Amino acid sequence: MLNFLPIKKKLIYIFTFLIFIFPQYSSANNEDMLIQKVHQLLQEKKFTESIDTLNELSQNNNIEAQLLYSKILFAGNIVPQDFNQSYFWANLALLGGLKKSSQLIEMLNNYLTEKKIEEIKENIKIFLEKRAFNNDKRAIIQIAKFYETYMDPPDIFNSYSWYSVAVAKGIKSAAKKRDELLDQIDQKKLLEAQELSNKIFKKIQN
């Protein structure tokens, strides 16, 4: 592992450079405008305000903010390096659909023990379930993906249950995945999973 440290340090510098040079721009809703504001604050070296805004957006499950925050925590130039938190936010961004998070996650895997990674995954699950039960539709999809892709072996029972909730909440893209998992559950377990879906659906705040 030590032989790769110089390469890793160079990659950290590259990520720092990318933070400032290549901001993410999308549609002009409130959160996207705040992301643009964060990039402006970073360029103006108003680091405290930019970090506070990033943290707030990340806690509100904005995946663009989560990825940027993860990069900053990884680089450690304007805040101390924090690989635990960097891994946490990068994985949430990945579960939200930002595949470009995977490169950062791969690098962080070199620094974190398997035990620590499992602890962070548990924290991710807690974060997403809390968001999902507060009717965060993105989190509902994320927790379904979490059970399917982050558990070893995949937890098809819980994943199917959450995808079912997602479809019932009007997330049409979840229907294909729900139906794929449907064929992987035996009849008895399927009925139990559907009962769980109904309990979750009723518990979620509207």
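Starting from 1, each residue takes its place in the sequence as its number. This one's a predicted model, so the numbers in the text were calculated from it and none came from an experiment.
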Inset, instruction - Walk me through it: do Trp89 and Phe83 pass the test ring-ring contact (aromatic ring centres under 6.0 Å, His included)? - result: CA-CA 10 Å; Trp89 294 119; Phe83 292 162; over 10 Å; no
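Side-chain N/O atoms of Gln40 and Glu44 include a donor and acceptor closer than 3.5 Å. Looking only at atom types and distance, the side chain of Asn55 has no donor-acceptor partner in the side chain of Asp52 under 3.5 Å away. Side-chain contact, Lys121 with Asn91: no donor N or O sits under 3.5 Å from an acceptor N or O. When only modelled atom types and interatomic distance are considered, Asp179 and Tyr163 share no side-chain donor-acceptor pair under 3.5 Å.
Between the Ser159 side chain and the Ala144 main chain, a donor and an acceptor come within less than 3.5 Å of each other. Not a single donor-acceptor pair under 3.5 Å links the side chain of Asn60 to the backbone N or O of Asn62. Checking side-chain atoms of Gln142 against main-chain N and O of Leu92 turns up a donor-acceptor pair under 3.5 Å. Formation of a donor-acceptor pair under 3.5 Å by the Thr149 side chain with backbone atoms of Lys145 is found in this model.
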Could you list the donor-acceptor pairs under 3.5 angstrom formed between side-chain atoms of residues 182-195 and any protein atom two or more places apart in sequence or on another chain?
from: Asp186; atom 1: OD1; to: Lys188; atom 2: N; distance (Å): 3.3
from: Asp186; atom 1: OD1; to: Lys189; atom 2: N; distance (Å): 2.8
from: Gln194; atom 1: NE2; to: Tyr160; atom 2: OH; distance (Å): 3.1

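Contact annotation: the side chain of Ile143 never approaches that of Asn158 to less than 4.5 Å [non-hydrogen atoms, C-beta and beyond]. In this structure, Ile126 and Glu122 have side chains that are in contact, with non-hydrogen atoms separated by less than 4.5 Å. Leu98 has its side chain within reach of Glu64: a pair of non-hydrogen atoms, C-beta onward, lies under 4.5 Å apart. Side chains of Leu94 and Tyr150 form a contact here, defined as non-hydrogen atoms less than 4.5 Å apart. Between His39 and Leu68 the shortest side-chain heavy-atom distance falls below 4.5 Å. Side chains of Gln81 and Phe74 form no contact here, defined as non-hydrogen atoms less than 4.5 Å apart. Under the 4.5 Å side-chain criterion, counting only non-hydrogen atoms from C-beta, Ile35 is not in contact with Thr53. Contact annotation: the side chain of Val165 never approaches that of Ile171 to less than 4.5 Å [non-hydrogen atoms, C-beta and beyond].
Residues Val167 and Trp162 do not share a hydrophobic cluster, clusters being chains of Ile/Leu/Val/Met/Phe/Trp/Tyr side chains in contact below 4.5 Å. No continuous path of hydrophobic side-chain contacts links Ile156 to Tyr147 [ILVMFWY only; heavy atoms under 4.5 Å]. Under the 4.5 Å side-chain heavy-atom criterion for grouping Ile, Leu, Val, Met, Phe, Trp and Tyr, Met151 is not connected to Ile141 through any hydrophobic cluster. Tracing side-chain contacts under 4.5 Å through hydrophobic residues (I, L, V, M, F, W, Y), one never reaches Leu41 starting from Leu54; they form parts of separate clusters.
Phe88 and Phe127 have perpendicular rings, their planes meeting at more than 60° on a 0 to 90° scale where under 30° would count as parallel.
Listed here is the closest heavy atom pair of Ile63 and Ala93: O-CB, 3.7 Å. A pairwise comparison of heavy atoms in Phe146 and Leu95 identifies N-CD2, 3.8 Å as the closest pair.
Exactly one residue among Asp82, Leu104, Leu73, Ile105 makes a side-chain contact (heavy atoms from CB on, under 4.5 Å) with Tyr87. That residue is Ile105. Test Arg131, Lys137, Gln66 against Asn61 for side-chain hydrogen bond (donor to acceptor under 3.5 Å, both in side chains) and you get one pass: Gln66.
Taking a cutoff of 4.0 Å between a charged side-chain nitrogen and a carboxylate oxygen, Lys115 and Glu118 do not qualify as a salt bridge. Between Glu119 and Lys116 there is a salt bridge, since a side-chain N of the basic residue sits under 4.0 Å from a carboxylate O of the acidic one.
In the displayed structure, Glu180 atom CD is contacted under 6.0 Å by more than 12 heavy atoms of other residues, nucleotides or ligands.
With rounding to the nearest 0.5 Å, the separation of OG in Ser86 from CG in Leu108 is 4.5 Å.
The cationic group of Lys169 lies under 6.0 Å from the six-membered ring centre of Phe201 and within 45° of the ring axis, placing it in a cation-pi geometry.
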